[in-house]
Student: 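I have a structure I would like to understand better, so I am pasting it below and will then ask my questions one at a time.
Letters A, B, ... are given to chains in the order of the sequence lines, protein chains preceding strands, and every chain is numbered from 1.
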Amino acid sequence: MSFTAPKGSYDILPPDSSTFLAVRDALSRPARLAGYEYIETPIFEDTGLFARGVGESTEVVSKEMYTFDDKGGRSLTLRPEGTAGVMRAVIEHKLYAGQLPVKLWYAGPNFRYERPQAGRYRHFTQVGAEAVGVDDPMLDAEVVALAWDGYRTLGLRGFRLLLTSLGDETCRPPYRALLQSFLSNLDLDADTRRRAEINPLRVLDDKRPQVRAQLDGAPVMVDHLCSECAEHYDGVRTGLAAIGVEWEETPQLVRGLDYYMRTTFEFVHSGLGAQSAIGGGGRYDGLSAAIGGPDLTGIGWALGVDRTLLALRAEGVAVPAGPRVQVYGVPLGTTAAARLFALTAALRAAGVPADMAYGSRGLKGAMKAADRSGAAYAVVLGDRDIEAGTAQLKDLRSGDQVAVPLDALIATIQEKLT
RNA sequence: GUGGGUGUAGCUCAGCUGGUUAGAGCACCGGGUUGUGAUCCCGGGUGUCGCGGGUUCAAGUCCCGUCACUCACCCCA
């Protein structure tokens with residue numbers, strides 16, 4: 001009997017795992033620099049939170065949730081997205097009672113029961129940011145810009161920002177009715193007809209040519225915004241333009257979660273196969289009230305770490321990984337090994353990433369291990385050296401080797417590494 | 001949920017219309033050098049040919065089933 005990672009999940013292994021960490025760090029850095037503070041919420045929540053927050057009509061809730069009963073009979077669900085849990089925490093702990101906006105960022109796994117394919121997993125990792133409690137179009141622009149900066153600083157270039165406004169409770173219902181009457185005159189299959197009933201906006205995003213062909217001239221939300229929404233949207237665009245963020249007006253942009261309204265955006269990349277979105281978000285002013293909280297506005301995004309990695313690979317961008325070991329100890333014999341063991345610990349205590357050869361590999365094997373470790377220097381120590389009170393310090397790049405007094409070794413190494 | 005593709009060594013793959021001991025490159029291990037890596041030379045195959053059944057004198061190769069992976073539809077980060 002042997003086991004493999006469950007369908008749709010995968011292991012993040014070295015050496016790629018360091019890139020994974022670096023991407024997660026880089027995507028969240030702009031938010032951290034902008035006053036967003038870290039929040040960590042449970043990976044499972046009350047099933048009702050997602051049903052009401054994300055929306056019963058969404059595919060995510062209706063067929064993609066990992067739901068189970070715990071031993072106490074509670075219905076819990078592995079989170080399919082991050083915003084609902086964060087909003088729940090904001091409400092539960094009354095974070096909105098302090099200064100607004102409440103700015104939060106988070107990172108972690110999410111779960112959706114979907115058929116896996118390139119860039120789509122059942123267990124996927126997102127970095128998220130949310131700004132709650134202030135309805136200012138400039139805040140929308142800030143949030144969008146934070147994601148933009150994250151991708152840019154990673155070295156990603158081939159991504160595009162799609163932007164639109166979904167209107168609000170004033171202008172969306174009449175538009176929705178208008179769209180539904182337009183769609184009712186089209187030749188659509190039963191499945192799509194049902195979708196037109198539940199969420200007609202989503203039909204606009206259909207990729208199939210036979211559907212696309214009929215969508216010319218379909219009414220779009222941005223042409224039917226109420227004056228408040230239109231003004232808000234103008235403010236967002238003015239803000240983005242002011243800081244050099246480039247976007248593409250995309251009226252047919254639709255998000256999969258019901259809570260989005262007004263500002264809505266998606267970052268797409270062409271290098272991932274069929275799954276083009278590497279991040280997305282928008283304004284969710286109705287979410288708090290929908291899950292029993294006060295009337296709180298909010299705007300945020302979630303960026304897919306897995307998909308960003310695919311995009312980086314597609315562009316051939318190398319992400320600088322964290323520091324590897326700098327010094328590697330090569331002992332000859334047990335006496336020397338004991339001395340090197342203590343020396344290695346002292347190097348680490350002095351802040352120098354260090355490792356050494358364990359087990360009886362022999363000198364050749366230990367040197368090989370030193371080479372593979374990526375270390376800049378090897379410290380070779382044998383009985384002969386101990387007698388002389390020195391260690392052999394070898395520069396693994398040049399091959400130069402010098403004898404250094406043992407009591408000056410750490411200082412010498414620190415000096416060479418700076 | 002629906003459809004297509006692929007399963008041979010740790011990895012990437014070769015193995016022609018079935019034919020006898022299953023291969024290559026890389027990686028890995030050992031030696032050349034019991035005090036020196038990366039380079040070089042020599043040696044080592046580390047394998048349930050995904051799994052089960054069938055056809056055949058003979059199956060990695062053909063057929064059926066099954067599982068896994070993968071790509072796309074759908075959906076979405």
Student: A:L381 versus A:L406: any side-chain heavy-atom pair under 4.5 Å?
Tutor: yes
Student: Answer with base, sugar-phosphate or nothing: what part of the nucleic acid does A:L303 contact at a heavy-atom distance below 4.0 Å?
Tutor: nothing
Student: When the distance from OH of A:Y328 to C1' of B:U36 is rounded to whole Å, what number comes out?
Tutor: 14 Å
Student: Just call it for A:Y121: base, sugar-phosphate, or nothing, with non-hydrogen atoms closer than 4.0 Å on any strand.
Tutor: base
Student: Report the nucleotide, chosen from B:A77, B:U36, B:A72, that has the shortest atom-to-atom distance to any side-chain atom of A:V380.
Tutor: B:U36
Student: Taking only the side-chain heavy atoms of A:R115 (C-beta and beyond), determine which of B:G3, B:G37, B:G35 contains the nearest atom.
Tutor: B:G3
Student: Answer yes or no: is there a side-chain heavy-atom contact under 4.5 Å between A:D135 and A:R283?
Tutor: yes
Student: I'd like to check A:F68 versus A:T47 (side-chain heavy atoms, cut-off strictly below 4.5 Å). Are they in contact?
Tutor: no
Student: For a quick check of understanding: with a heavy-atom distance under 4.0 Å over all strands, which category does A:K63 fall into, base, sugar-phosphate or nothing?
Tutor: nothing
Student: How many Å lie between CE on A:M356 and P on B:U36, as a whole number?
Tutor: 19 Å
Student: With a 4.0 Å cut-off on heavy atoms, is A:N110 in touch with a base, just the backbone sugar-phosphate, or nothing at all?
Tutor: nothing
Student: Could you let me know what B:U2 is paired to, Watson-Crick or G-U wobble, both distances under 3.5 Å, or none if it's on its own?
Tutor: B:A72
Student: What is the distance, rounded to the nearest whole Å, between atom CZ of A:R120 and atom P of B:C75?
Tutor: 10 Å
Student: Is it true that the NZ or CZ of A:R237 lies under 6.0 Å from the centre of A:Y233's six-membered ring and within 45 degrees of the ring axis?
Tutor: yes
Student: Among A:W105, A:Y284, A:Y36, which residue meets the side-chain hydrogen bond (donor to acceptor under 3.5 Å, both in side chains) test with A:E130?
Tutor: A:Y284
Student: Less than 4.0 angstrom between a side-chain N/O of A:Q275 and OP1 or OP2 of B:C76, yes or no?
Tutor: no
Student: Nearest-nucleotide wise, let me know which of A:K7 and A:R112 is further upstream toward the 5' end of RNA chain B.
Tutor: A:K7
Student: For a quick check of understanding: with a heavy-atom distance under 4.0 Å over all strands, which category does A:G273 fall into, base, sugar-phosphate or nothing?
Tutor: sugar-phosphate
Student: Counting any heavy atom closer than 4.0 Å, what does A:A370 reach on the DNA or RNA strands: base, sugar-phosphate only, or nothing?
Tutor: nothing
Student: Take the protein atom CD of A:Q117 and the nucleotide atom C1' of B:C71, then report the distance between them rounded to whole Å.
Tutor: 7 Å
Student: When the distance from CZ of A:F265 to C1' of B:A77 is rounded to whole Å, what number comes out?
Tutor: 12 Å
Student: Mapping A:G304 and A:P116 onto RNA chain B by nearest heavy atom, which one lands closer to the 5' end?
Tutor: A:P116
Student: Just so I know, are the side chains of A:L272 and A:I278 near enough to count as touching, which here means a heavy-atom distance under 4.5 Å?
Tutor: yes
Student: Using the P atom on both, measure B:G1 against B:U66 and round to a whole Å.
Tutor: 14 Å
Student: Using purine N1 to pyrimidine N3 plus N6-O4 or O6-N4 for Watson-Crick, or N1-O2 and O6-N3 for G-U wobble, each under 3.5 Å, what pairs with B:A77?
Tutor: none
Student: Counting only Watson-Crick pairs (N1-N3 plus N6-O4 or O6-N4) and G-U wobbles (N1-O2, O6-N3), all under 3.5 Å, who is the partner of B:A59?
Tutor: none
Student: Suppose you measure atom P in B:A9 against the same atom in B:A24; what distance do you get, rounded to whole Å?
Tutor: 14 Å
Student: Is it true that A:D383 and A:R339 have a side-chain N and a carboxylate O under 4.0 angstrom from each other?
Tutor: no
Student: What's the NZ-C1' distance between A:K368 and B:U39, to the nearest Å?
Tutor: 12 Å
Student: Expressed as a whole number of Å, how far does the P atom of B:G52 sit from that of B:C57?
Tutor: 23 Å
Student: Looking at B:C16, which nucleotide sits across from it as a Watson-Crick or G-U wobble partner, both distances under 3.5 angstrom, or is there none?
Tutor: none
Student: C1' atom, B:G50 versus B:U39: distance in rounded Å?
Tutor: 40 Å
Student: Closest to the A:L396 side chain: B:A72, B:A77, B:G37?
Tutor: B:G37
Student: Reckon A:K364 touches a base, only the sugar-phosphate, or nothing at all at heavy-atom distances under 4.0 Å?
Tutor: base
Student: Taking CD from A:Q392 and C1' from B:G37, how many angstroms apart are they, rounded to a whole number?
Tutor: 15 Å
Student: Is the ring pair A:Y10/A:Y121 parallel, tilted or perpendicular, if the boundaries are 30 and 60 degrees?
Tutor: tilted
Student: Name the closest nucleotide to the A:A118 side chain, picking from B:A77, B:G37, B:C71.
Tutor: B:C71
Student: Which base sits across from B:A38 as a Watson-Crick or G-U pair, both distances under 3.5 Å?
Tutor: none
Student: Can you tell me the pairing partner of B:U33 across any strand shown, Watson-Crick or G-U wobble, with both distances under 3.5 angstrom?
Tutor: none
Student: In the strands shown, is B:A9 matched to any nucleotide by a Watson-Crick or G-U wobble pair with both distances under 3.5 Å, and which?
Tutor: none
Student: Is the distance from OP1 or OP2 of B:C28 to the nearest side-chain N or O of A:R372 less than 4.0 Å?
Tutor: yes
Student: Quick one: A:D385 CG to B:G35 P, roughly how many Å, whole number?
Tutor: 11 Å
Student: Using the P atom as the point on both nucleotides, what is the distance between B:C16 and B:C74, in whole Å?
Tutor: 38 Å
Student: How is A:G399 classified with respect to the nucleic acid when contacts are heavy atoms under 4.0 Å: base, sugar-phosphate, or nothing?
Tutor: base
Student: With hydrogens left out and only the distance checked, is there a donor-acceptor pair under 3.5 Å joining A:R202's side chain and the base of B:C76?
Tutor: no
Student: For a quick test of reading the model: is some side-chain N or O of A:Q401 closer than 4.0 Å to OP1 or OP2 of B:U36?
Tutor: no
Student: Rounded to whole angstrom, note down the P distance from B:U17 over to B:C75.
Tutor: 42 Å
Student: Across all strands, who's sitting opposite B:U66 as a Watson-Crick or G-U wobble pair, both distances under 3.5 Å?
Tutor: B:G50
